[in-house]
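As structure tokens, the structure follows; a few thoughts come after it.
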Amino acid sequence: MAGTASAIAIELREAGKAFGEVVALTGINLLVPRQSRVGFVGPSGGGKTTLLRIVAGIIKPTSGSVAVGGRIGSLLELGAGFHPEMTGRENVFLQGSIHGLRRVQIREKLDEIVAYSGLERFIDLPVRTYSSGMYMRLGFAIAAHIEADVLLLDEVFAVGDEAFQRKCFGKIFEFKQRGGTIVFVSHDAASVERLCERAVLLRGGRVELDGSTQEAIARYHKLLAEERDPAESAAGLREYGSGEARIIEARLLGPDGEDRLQLLAGEPLTVQLRIAAREALPPPRISLELRDEAGLLLASAAQDTAELGWDEAPGERVLRFEVERPPLADGRFRLRFELGDSAGRRIYHWLDDEIQFVVYPGETVRGPVLLSGRWSLEQVGTPAEIGGR
């Protein structure tokens, strides 16, 4: 690969379509330079994962060609290529051989791979007993240690805890510093912006935009702004919108007015949002959803900002939503926000899980809901009257 200007050259020509066939990708001509980090974004069904599979050699294009300079390391699907009845250790050898490593090379790296995955206690168990997070850990550990020239990643951060995600990013940046080339597909705009300097927007199997990451993501979010519930939101997309107005800061405040991530059961809270409108805009509608750790909707609230005195001038505003006695007793909770037009047809900014907080129970509280009420006692008879009945 050292002598080539591009790590990947992709040319998928226009193709006719027979009856009943679906053309996943067409008319694509892309060059990915060595040592670059390129993200692919776009609506579901746009062809992102199909393109990575073609680059990885898993499937072949109907017409056109793909040339890759160097060894490919890929993590395209959760546990792709793992044999469920084989142990984690055996699958390390299996995957290593698929990537062209000799058995002695795999053996030299085995301890490092297992330690990186954090699965020492489970490495000799069949992988069918693994959770989705364990699949991800082992798959990424193998891909990160095969000394590849090109690394293909598809939604690799959708599973796994925050500590493991930071670990993955660290390894990827090490790979970049060594001169590796990265191609990354994700619905998480923050991850794409953090990792890639260039992004390609795929829509309907075609390249709609090839440019800076910020430009491609802004166009992608505008495509989603007309959809009330895009499929991408279930696949890790955390924010999108047409962008006329944005929630630039979301804070959870305690009764003392200070930022809080932890509250006691029933303790007053305030949600404070700083909103920026880049142009004159009719008063928008703001809404929030309270969800539990599993994503279950617990409550929602909405407000037409015209009733709060919003004028149409551009600029920044601060909105506050105060709750004197939240009905939360114990658990981890999330807040989702949506800023849109008053008719609910256009989303300016949709922001998921921007605030996450914990509520700790009091000594006599049990369960996630704080049941607040008042007891009373009514005397209906004397003991003598009760005994004579």
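Here the structure is a predicted model, which is why all the values come from computation and not from measurement.
What you find for Val38 and Val200 is that their closest heavy atoms are CG1-CG2, 4.1 Å. Shown here for Ala265 and Pro361, the closest heavy-atom pair between the two residues is CB-CA, 4.2 Å. The two residues Ala148 and Phe175 come nearest to each other via the heavy atoms O-CE1, 3.1 Å. Contact between Ala115 and Glu120 at its shortest, heavy atoms only, is CA-OE2, 3.5 Å. Among all heavy-atom pairs drawn from Ile28 and Gly205, the shortest one is CD1-O, 3.6 Å. For the residue pair Gly69 and Val150, the shortest heavy atom distance occurs at O-CG2, 4.2 Å.
With salt bridges taken as basic N to acidic carboxylate O contacts below 4.0 Å, none links Glu293 and Arg334. Using a cutoff of 4.0 Å between basic side-chain nitrogens and carboxylate oxygens, Arg198 and Asp210 are scored as salt-bridged.
Residues Thr49 and Asp154 have side chains that bring a donor and an acceptor to within less than 3.5 angstrom of each other. In this structure, a donor-acceptor pair under 3.5 Å is present between the side chains of Gln272 and Arg320. For the residue pair His349 / Glu239, a side-chain donor-acceptor distance below 3.5 Å is found, with atom types taken as modelled.
Within 6.0 Å of the CZ atom in Arg274, the count of heavy atoms belonging to other residues, nucleotides or ligands exceeds 12. The neighbour count for Glu324 CD, taken as heavy atoms of other residues, nucleotides or ligands under 6.0 Å away, does not exceed 12. Applying the 6.0 Å contact sphere to CG of Leu371 captures no more than 12 heavy atoms from other residues, nucleotides or ligands.
Note on ring orientation: taking the six-membered ring where Trp is involved, the planes of Tyr135 and Phe82 are parallel (angle under 30°, cut-offs 30° and 60°).
Under the 4.5 Å side-chain heavy-atom criterion for Ile, Leu, Val, Met, Phe, Trp and Tyr, Ile59 and Leu152 are members of the same hydrophobic cluster. Both Phe321 and Leu319 belong to a common hydrophobic cluster when Ile, Leu, Val, Met, Phe, Trp and Tyr are linked at side-chain heavy-atom distances under 4.5 angstrom. In this structure, Ile113 is a member of the same hydrophobic cluster as Leu125, with clusters built from ILVMFWY side-chain heavy atoms closer than 4.5 Å. Ile54 and Val68 fall within a single hydrophobic cluster, where Ile, Leu, Val, Met, Phe, Trp and Tyr are joined by side-chain heavy atoms under 4.5 Å apart, directly or via other members. Linking Ile, Leu, Val, Met, Phe, Trp and Tyr whenever their side-chain heavy atoms come within less than 4.5 Å leaves Leu281 and Ile347 in two separate clusters.
Put simply, the side chain of Thr305 never gets that close to the backbone of Leu308: no donor and acceptor are under 3.5 Å apart. Judged by distance alone, with hydrogens and angles left aside, the side-chain atoms of Thr270 form no donor-acceptor pair with the main-chain N or O of Glu322 at under 3.5 Å. A distance-only check finds a donor-acceptor pair linking the side chain of Arg37 to the backbone of Leu195 [under 3.5 Å]. Put simply, the side chain of Tyr348 never gets that close to the backbone of Ala277: no donor and acceptor are under 3.5 Å apart. Using modelled atom types, no side-chain atom of Arg103 and backbone atom of Ser97 make a donor-acceptor pair closer than 3.5 Å. The closest donor-acceptor contact from the side chain of Lys48 to the backbone of Pro43 lies under 3.5 Å. A distance-only check finds a donor-acceptor pair linking the side chain of Asn91 to the backbone of His83 [under 3.5 Å]. No side-chain donor-acceptor contact under 3.5 Å links Ser186 to the backbone of Val192.
Between Leu339 and Leu273, every side-chain heavy-atom pair lies at or beyond the 4.5 Å cut-off. A 4.5 Å side-chain heavy-atom check between Leu224 and Trp350 finds every atom pair outside the cut-off. With a 4.5 Å cut-off on side-chain heavy atoms, Leu298 and Val369 do not count as touching. At a threshold of 4.5 Å between non-hydrogen side-chain atoms, the residues Thr26 and Arg206 count as touching. Residues Val55 and Val32 have side chains not in contact (no heavy-atom distance under 4.5 Å, counting atoms from C-beta outward). Ser300 has its side chain within reach of Glu289: a pair of non-hydrogen atoms, C-beta onward, lies under 4.5 Å apart. Residues Ile58 and Leu52 are not in side-chain contact: their nearest non-hydrogen atoms beyond the backbone lie 4.5 Å or more apart.
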For this session: Start with the C-alpha gap between Lys109 and Val92, add the side-chain angles, then the distance that decides, and say whether side chain to side chain contact (heavy atoms under 4.5 Å, CB included) holds.
Result: CA-CA 10 Å; Lys109 296 178 179 293; Val92 172; over 6 Å; no
For this session: Start with the C-alpha gap between Gln356 and Arg332, add the side-chain angles, then the distance that decides, and say whether side chain to side chain contact (heavy atoms under 4.5 Å, CB included) holds.
Result: CA-CA 7 Å; Gln356 302 183 46; Arg332 296 179 179 272; over 6 Å; no
Problem set entry | Leu328 and Leu290: CA distance, side-chain angles, deciding distance, side chain to side chain contact (heavy atoms under 4.5 Å, CB included) verdict | CA-CA 11 Å; Leu328 305 176; Leu290 174 68; 3.9 Å; yes
For this session: For Tyr130 and Leu119, run side chain to side chain contact (heavy atoms under 4.5 Å, CB included): C-alpha distance rounded to whole Å, both residues' side-chain angles, the deciding distance at 0.1 Å, then the answer.
Result: CA-CA 10 Å; Tyr130 286 11; Leu119 298 175; 4.2 Å; yes
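Every residue two or more places apart in sequence or in another chain that forms a ring-ring contact (aromatic ring centres under 6.0 Å, His included) with Phe333 is listed here: Phe357. Partners of Pro255 according to the side chain to side chain contact (heavy atoms under 4.5 Å, CB included) rule, which considers only residues two or more places apart in sequence or in another chain, are Arg260, Glu267, Pro268.
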